[in-house]
Structure formats: C-alpha cells, structure tokens
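Written out below as structure tokens is the structure these notes cover.
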Amino acid sequence: MDQELIDFIEYHKLDSDDFYNANGRPVASCYSEMKSKEKLFAYNTTPCSNSGHTLRDRQGHCIVCNTANIAFSLRKKQIGFIYIACSIKKEISKVGMTTEQIKSRLSKLNSRQVGNTNDWEIVYSIKCPKANSVELLIHAELNRYQVKGDLYGNTESKELFRCSYHKVRELVDKVIAENNIKLIEKKSYITNTDKYRFRNLVSN
C-alpha cells in the first residue's frame, strides 16, 4: 500500500484488512475472490472516469469521489439484530435486520403498516457481526416463500414470506450452522409459538 492509500484509510478510520489488491484489474474480475475473502474495497484497480482514483467498493463504485459508498459497504460487517416477526392477520413471517433496539423496530413495523398490517409481533432475534450479509443468506434460503406484490410505502418488501415461524427458524438455524456464525446473543420473545404455524406456500 502506498502512503496516499494509508492516509485515506486512517482519515476515514477504515481497517486495512478490508482492502484487496486488484493488481490493475477491474473490480468485476475480482468480485468473487473479494467476496470469498470478505474484502469490502479494492485498491490498484482500474481508474475511475472522474479523477482517476483506483479505490473502489465491491460494486465498482469509486469510494474517493463518493465517500457515501464507504458507509454502505461497511454495513456488511456491522453488528446488528436479525429478527423474525409474524403477522397472524396476514399469515406471513418477516426476516429483517436492524441496528436499533428490537422494541423500537417493532413499533415502526406496526406504525408503518409493513406488509399492509399492524399486528406484527417479534418472535425471535439474534445479534451477530456482519448482520446485513447474514440477513441476505437467510433471505436466499427463504426465497421460494417470498411474498410477491405486498407493498409498504412505494417499495415491494423482499423480507416477507408465506411460511410459518417454525420454517423460518429452521432455515435461520441452518444458515448459522453452515456458515459458522458466532452469535453475540439470541432471544425468544414468545413462549408458545403454535399460533405462528402458518401454511408454507411456495411462490409462483
């Protein structure tokens, strides 16, 4: 690493271990290796068109021209809560990630009527590093049950699933075990979960 890069890392309080030496290659050709090695940024990659900077995130965005991309990338390592919430009215489950307290998140789910309902209850949560990445792994496992066309605001929710709490919990535990995820905390909020035995409906 040259001094300019070292200064950039120190100024933005970044971790040098998050950087990957692209050796002049475009990020697209390094993406898989960066992801497998859990590197968030590349240096010595192809220069950006604006000012010739060679620091980019895994999506190929210049992190010098637009430093907002740094914060977005750092979410991948962020410690946070992954929660399972259920709606009896809609017979759907939700897997979401938050860095705020669970009670606060629950209040927002209901006040915003996420999934067009306001009877959400948070049933279970885990706290872990890289919570954003873990959440995406869980969503991938649940993809076949994803609700299609259920809106809140103007955004289609990709966190709603037509399956029981028990199916969600099974797949959450599977992701944790298969990826050797070290949990900081896990917590159940509901003792009797039988009321969340919804049908497991595969999306068309």
| message | Let's go through Lys94 and Leu109 carefully: what are the C-alpha distance in whole Å and the side-chain angles of both, what is the deciding distance for side chain to side chain contact (heavy atoms under 4.5 Å, CB included) to 0.1 Å, and is it a yes or a no? | response | CA-CA 10 Å; Lys94 180 181 188 298; Leu109 290 181; 3.8 Å; yes
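Listed by chain and residue number, nothing satisfies the side chain to side chain donor-acceptor pair (under 3.5 Å) test with Asn69 (two or more places apart in sequence, or in another chain). Residues forming a side chain to side chain donor-acceptor pair (under 3.5 Å) with Glu4 (at least two apart in sequence, or on another chain): none. Not counting sequence neighbours, Arg25 has no partner by the salt bridge (Lys or Arg N to Asp or Glu O under 4.0 Å) test. Considering only residues two or more places apart in sequence or on other chains, Asp173 meets the salt bridge (Lys or Arg N to Asp or Glu O under 4.0 Å) condition with Arg169.
In this structure, Ile184 belongs to a hydrophobic cluster whose other members, linked by side-chain heavy atoms under 4.5 Å apart, are Ile79.
The closest donor-acceptor contact from the side chain of Glu141 to the backbone of Leu171 lies at 3.5 Å or more, if one exists at all. Side chain of Ser51 to main chain of His53: no donor-acceptor pair is present (N/O by atom type, distance under 3.5 Å, no hydrogens or angles).
The list of side-chain hydrogen bond (donor to acceptor under 3.5 Å, both in side chains) pairs with a residue in residues 183-193, not counting sequence neighbours, reads Ser125-Tyr189, His166-Thr193.
Between Phe161 and His139, the angle of the ring planes lies from 30° to 60°, which puts this pair in the tilted group. Using a 30° and 60° split on the angle between ring planes, Tyr196 and Phe198 fall in the perpendicular class, above 60°.
A donor and an acceptor atom, one from each side chain of Asn132 and Lys130, are nowhere located under 3.5 Å apart. A donor-acceptor contact closer than 3.5 angstrom is absent between the side chains of Asn44 and Thr54.
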